[in-house]
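In what follows, a single structure is set out as structure tokens and then discussed.
A quick note: this is a predicted structure, and the numbers were derived from the prediction, not measured.
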Amino acid sequence: MGKVIHTLRRLARRLWPTEYRYPALDISLGQRHLHLVGSIHMGTRNMSPLPEKLLHQLQSVDALIVEADITTGGSPFSDSELCPPLDQRLSTDWFPQLEQRCAELNIDLQRIDTLPAWQVALMLQAQQAQRLGLRADCGIDYQLLQAAKERQIKIIELEGPETQLALLKSLPDEGMTLLEDTLQHWHVNARLLQTMVSWWLEAPPGSRGKTVLPDTFSSSLNDLLMHQRNQRWCQSLQALPPGRYVLAVGALHLYGEGNLPDLLRR
């Protein structure tokens, strides 16, 4: 029994090294060495500056890898398609909830009334995060990108803003499921944001067992936005030239079935 416990502890340390006081782990793919960081795209003021250990990791890499370079490019809301009014698109179950959230966040419903549903969902999510004290310029990937550019470190995008925008535009029914999921899991998403902030300010997830997080997407959206992207990223990462890299992706991609670390270790 003692030998089994020792083996499990070694496995746990390998999954979540105790020396990192932020959500991160190291993975080697032959001659490709990845310091994989669970990023949060919007952060609180006390999440800046980045941990010294992370900045030290960045200092000695060949490139920083991110989902997209969010420090460049325009807003995804600049080229909006006109849609029917939201009260014609949302069911009678969801529209009153949308009205309630808009009132809470001081969002003029008329200004978003003809936007695609995925844009409305993203606007609601961003406003919710701001109400919780989160800021885009304090996000982990944003700070890493700024630090990499200051140090003239190469930046590699796994997708890029245009690919991400194309994915959102390809959602069925103009992303109505994303809007409905945002409304349905409103309070759960707020708690999840606070949990991810605590991973950076207090301690990353414990090393014992699997970290179970609540669902904030339907199964179809989870497959499209999480599983399929993880698989594409895994292929791109395995094709990297030999070297050392800091890789920052949304923290939720590190957990659950089909997570990125498990795919990379296969």
Side-chain angles (χ1 to χ4, degrees), residues 11-43 50-51 54 57-58 61-70 139-145 148 154-161 163-164 166-168 189 192-193 195-197 199-200 204-266:
L11 177 60
R13 285 195 296 269
R14 182 175 149 203
L15 288 173
W16 287 107
T18 55
E19 62 264 32
Y20 300 129
R21 297 183 61 82
Y22 55 91
L25 67 157
D26 297 310
I27 296 178
S28 291
L29 307 173
Q31 295 181 319
R32 305 166 194 86
H33 305 286
L34 307 175
H35 183 62
L36 175 52
V37 177
S39 174
I40 176 170
H41 300 312
M42 295 178 69
L50 293 171
L54 178 53
Q57 289 275 352
L58 189 65
V61 298
D62 296 287
L64 167 67
I65 306 174
V66 292
E67 297 177 32
D69 186 349
I70 57 175
I140 299 303
D141 41 354
Y142 182 87
Q143 292 186 68
L144 280 170
L145 283 161
K154 181 180 179 181
I155 294 169
I156 298 174
E157 295 180 296
L158 288 171
E159 295 174 329
T163 298
Q164 292 183 336
L167 175 61
L168 291 166
N189 188 63
L192 187 55
L193 285 171
T195 296
M196 290 189 290
V197 168
W199 293 346
W200 283 89
S207 60
R208 292 184 181 181
K210 296 275 186 180
T211 299
V212 179
L213 297 173
D215 292 329
T216 55
F217 292 132
S218 63
S219 59
S220 59
L221 268 184
N222 197 58
D223 179 64
L224 186 64
L225 299 180
M226 303 297 289
H227 294 169
Q228 293 185 30
R229 293 170 74 204
N230 285 346
Q231 291 168 354
R232 290 195 295 270
W233 295 351
C234 184
Q235 294 175 355
S236 298
L237 294 168
Q238 290 171 337
L240 287 169
R244 304 188 68 86
Y245 304 90
V246 166
L247 166 62
V249 297
L252 296 184
H253 289 277
L254 276 60
Y255 300 97
E257 185 179 352
N259 65 71
L260 186 58
D262 283 353
L263 290 176
L264 289 170
R265 291 192 180 101
R266 288 181 183 174

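Listed here is the closest heavy atom pair of G258 and L263: O-CD1, 3.6 Å. Nearest heavy-atom pair across E157 and D69 is OE2-N, 2.6 Å. I40 and M42 make their closest contact through CG1-O, 3.1 Å (heavy atoms, listed as atom of the first residue, atom of the second, distance). Annotation for R244 and V61: closest pair O-CB, 3.4 Å, computed over non-hydrogen atoms.
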Q. Could you go step by step and tell me if L225 and L167 meet the side-chain contact (heavy atoms from CB on, under 4.5 Å) rule?
A. CA-CA 9 Å; L225 299 180; L167 175 61; 3.9 Å; yes

Q: Any chance you could lay out the side-chain contact (heavy atoms from CB on, under 4.5 Å) test for T163 and L158, step after step, and finish with the verdict?
A: CA-CA 9 Å; T163 298; L158 288 171; over 6 Å; no

Q.
Test side-chain contact (heavy atoms from CB on, under 4.5 Å) on H33 and D26; report intermediate values, then the result.
A. CA-CA 7 Å; H33 305 286; D26 297 310; over 6 Å; no

Q: Decide side-chain contact (heavy atoms from CB on, under 4.5 Å) for N189 and L193; before the verdict, give the C-alpha distance in whole Å, the side-chain angles of both, and the deciding distance to 0.1 Å.
A: CA-CA 6 Å; N189 188 63; L193 285 171; 3.9 Å; yes

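Although no hydrogens or angles enter the test, the distance criterion places a donor-acceptor pair under 3.5 Å between the side chain of S39 and the main chain of D141. Between the side chain of N259 and the backbone N or O of G256, at least one donor-acceptor pair lies under 3.5 Å. Between the D62 side chain and the Y245 main chain, no donor and acceptor come within less than 3.5 Å of each other. Counting only distance, with no hydrogens or angles, the side chain of E67 and the backbone of G250 share a donor-acceptor pair below 3.5 Å.
Applying the side chain to side chain donor-acceptor pair (under 3.5 Å) criterion to R32, with sequence neighbours excluded, gives no partner residue. Not counting sequence neighbours, the partners of Q228 by the side chain to side chain donor-acceptor pair (under 3.5 Å) test are D223.
Looking at R229 and Q164, their side chains come closer than 4.5 Å, going by heavy atoms from C-beta outward. For the pair W199 and P23, the minimum side-chain heavy-atom distance is below 4.5 Å. A heavy-atom distance below 4.5 Å is found between the side chains of V249 and L254. Side-chain contact check for P261 versus L36: some heavy-atom pair is nearer than 4.5 Å. For the pair L192/T216, a side-chain contact is recorded, criterion being any heavy-atom separation below 4.5 Å from C-beta on. Using a 4.5 Å cut-off on side-chain heavy atoms (C-beta onward), R265 and I27 make contact. Between L240 and L34, some side-chain heavy-atom pair lies under the 4.5 Å cut-off. Inter-residue side-chain proximity for V66 and L247 is flagged as unmet; no heavy-atom pair is nearer than 4.5 Å.
Interatomic distance, CZ of R21 versus CG of L54, reported as 14.0 Å (0.5 Å rounding). A distance of 12.0 Å separates CD in Q231 from CE in M226, rounded to the nearest 0.5 Å. Summarising the geometry, atom CG belonging to L144 is positioned 11.0 Å from atom CD belonging to Q57; distances are rounded to the nearest 0.5 Å. Interatomic distance, CD1 of I140 versus CG of L145, reported as 11.5 Å (0.5 Å rounding).
Among V37, I155, V246, L237, the single residue meeting the side chain to side chain contact (heavy atoms under 4.5 Å, CB included) criterion with I65 is L237.
Counting only N and O atoms by type, the side chains of W233 and E159 include a donor and acceptor under 3.5 Å apart.
Ring centers of Y20 and H35: under 6.0 Å apart, within the cut-off.
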